[in-house]
Amino acid sequence: MLAFKALLSVFTLLPCALLVAAQASLGAIPTSTLHQITNFGTNPNNVGMFVYKPAKLQARPPLIVASHFCTGTAQEYFQGSKFSQLAEVHGYLLLFPSSPHPDKCWDVSSTATLTHNGGSDSLSIVSAVRFALANWGVDPARVFAVGTSSGAMMTSVLAGAYPDVFRAGVVDSGVAFGCFAEPNSPLDTFDETCASGHVVLTGQQWAQKVFNAFPGFNGVRPKIQTWHGTADTTVFPQNFFEQIKQWTTVFGLPSTPVSNVSEPFLPRGYSNATFGPSFQAILAQGVGHTVPLFEQQYLEFFGIA
């Protein structure tokens with residue numbers, strides 16, 4: 001009887017063991033489809049996590065984290081973007097996190113999420129990235145983040161709080177790191193004061209928020225590309241200029257761009273202000289919330305395309 005019970009316990013545990021083993025093996029993940037993963041590490045708020053693996057993958061593939069907007073899901077961002085189609089061309093992996101909160105926004109306001117290894121949504125996403133680095137052969141020098149609206153704010157959080165993990169971030173219609181900080185509010189709080197452009201600080205004040213997220217970090221910080229529309233009445237354009245103050249100070253760059261041009265690959269009215277190798281800011285005249293996705297340009301900024 002004891003032997004039978006021991007055997008039964010082995011079969012009871014077997015599905016869990018197989019699940020963990022499948023996720024630890026990149027080869028076991030199906031290709032060219034959005035595939036949910038679990039058991040990838042610390043996940044304080046039970047963030048959903050989905051991976052996309054193209055049919056042909058680079059030997060040491062880049063990894064892009066693509067974070068959705070408020071009211072959205074991983075599936076919607078996957079379906080509404082060209083990231084997966086371009087992955088089939090360039091051979092990179094994608095992680096699409098999905099917010100667990102009622103309004104489907106991201107926690108970009110709590111002290112935990114704004115602190116390196118502090119917890120909440122940012123740590124959940126980074127846990128999945130660390131799992132990919134440890135088990136899937138991802139190139140640690142090519143880990144990137146991109147997001148729209150609330151996902152753009154999460155991208156800023158990931159770049160600011162985890163500069164040791166990410167190498168670049170693209171922020172589409174977001175805010176400066178720490179602008180939504182409200183330690184005692186619900187995790188997916190939408191801060192109207194910040195969003196409406198009424199949080200105006202000096203470059204040094206903004207930069208200090210980034211430095212405080214990971215005290216003592218002295219490595220190379222991820223480069224940033226931010227996009228914003230002048231007609232945005234959800235996340236007002238002042239937030240674009242606050243980001244410029246923040247990141248130029250963080251990178252020690254001049255507050256005026258070294259170039260500000262209309263790129264031939266962008267629509268009329270888009271201007272690309274380059275402040276140095278680590279920071280670009282694209283302002284789109286007459287565009288509301290949000291700026292359309294320019295996935296190919298993001299990949300070029302990341303050095304993938």
Side-chain angles (χ1 to χ4, degrees), residues 26 31-34 50-69 72 74 76-97 125 128-129 132-133 136-149 151-156 158-159 162-163 165-174 220-229 243 247 259 261-267 270-284 287 290-305:
L26 184 58
T31 61
S32 304
T33 187
L34 194 64
F50 298 81
V51 61
Y52 184 88
K53 184 182 76 171
K56 187 175 181 181
L57 197 64
Q58 293 187 33
R60 283 178 60 77
L63 174 67
I64 299 175
V65 174
S67 299
H68 64 74
F69 42 85
E76 288 179 77
Y77 207 43
F78 166 74
Q79 293 169 356
S81 66
K82 298 176 183 175
F83 294 121
S84 58
Q85 295 96 311
L86 289 168
E88 298 291 346
V89 177
H90 298 288
Y92 57 82
L93 284 168
L94 283 157
L95 282 175
F96 287 91
I125 294 170
V129 172
L133 288 166
W136 297 345
V138 167
D139 184 349
R142 295 193 292 169
V143 177
F144 311 108
V146 61
T148 298
S149 192
M153 301 176 198
M154 175 52 73
T155 298
S156 293
L158 295 173
Y162 294 91
V165 175
F166 294 92
R167 295 297 172 262
V170 170
V171 177
D172 175 7
S173 309
V220 177
R221 292 187 179 272
K223 62 181 186 176
I224 300 292
Q225 184 182 77
T226 186
W227 301 63
H228 218 102
Q243 290 178 75
W247 292 110
S259 66
V261 298
S262 297
E263 305 283 6
F265 51 78
L266 293 176
Y270 282 62
S271 56
N272 182 357
T274 298
F275 293 81
S278 302
F279 184 60
Q280 292 181 342
I282 295 93
L283 189 62
V287 176
T290 58
V291 176
L293 296 173
F294 288 89
E295 298 93 336
Q296 179 67 27
Q297 280 66 51
Y298 305 163
L299 296 186
E300 291 174 9
F301 181 70
F302 293 153
I304 294 176

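This one's a predicted model, so the numbers in the text were calculated from it and none came from an experiment.
Residues passing the ring pair (Phe, Tyr, Trp, His ring centres under 6.0 Å) test with H228, sequence neighbours excluded: none. Residues passing the ring pair (Phe, Tyr, Trp, His ring centres under 6.0 Å) test with F301, sequence neighbours excluded: none. Taking the side chain to side chain contact (heavy atoms under 4.5 Å, CB included) definition, one finds that A132 meets it with L63, W136, V138, sequence neighbours left out. Legend: residues meeting ring pair (Phe, Tyr, Trp, His ring centres under 6.0 Å) with F275, ordered by chain and number and at least two apart, are F279. When the ring pair (Phe, Tyr, Trp, His ring centres under 6.0 Å) test is applied to F144, the partners found at least two apart in sequence or on another chain are F302. Residues meeting the side chain to side chain contact (heavy atoms under 4.5 Å, CB included) test with S271, sequence neighbours left out: N260, L283.
In this structure, M154 and H68 have side chains that are not in contact, with every pair of non-hydrogen atoms separated by 4.5 Å or more.
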Checklist line | I125/L95 under side chain to side chain contact (heavy atoms under 4.5 Å, CB included): CA gap, chis, key distance, verdict | finding: CA-CA 9 Å; I125 294 170; L95 282 175; over 6 Å; no
Next item on the list: Quick one: do V170 and T155 satisfy side chain to side chain contact (heavy atoms under 4.5 Å, CB included)? Show the steps, please.
Entry: CA-CA 7 Å; V170 170; T155 298; 5.8 Å; no
Next item on the list: Might you work through the side chain to side chain contact (heavy atoms under 4.5 Å, CB included) test for F50 and Y77, ending with a clear yes or no?
Entry: CA-CA 11 Å; F50 298 81; Y77 207 43; over 6 Å; no
Item checked: Chi angles and distances behind the side chain to side chain contact (heavy atoms under 4.5 Å, CB included) call for Y162, V129 -> CA-CA 11 Å; Y162 294 91; V129 172; over 6 Å; no
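For E295 and S81, the side-chain atoms include no donor-acceptor pair closer than 3.5 Å.
Side-chain atoms of Y92 do not come within 3.5 Å of backbone N or O of P61 as any donor-acceptor pair.
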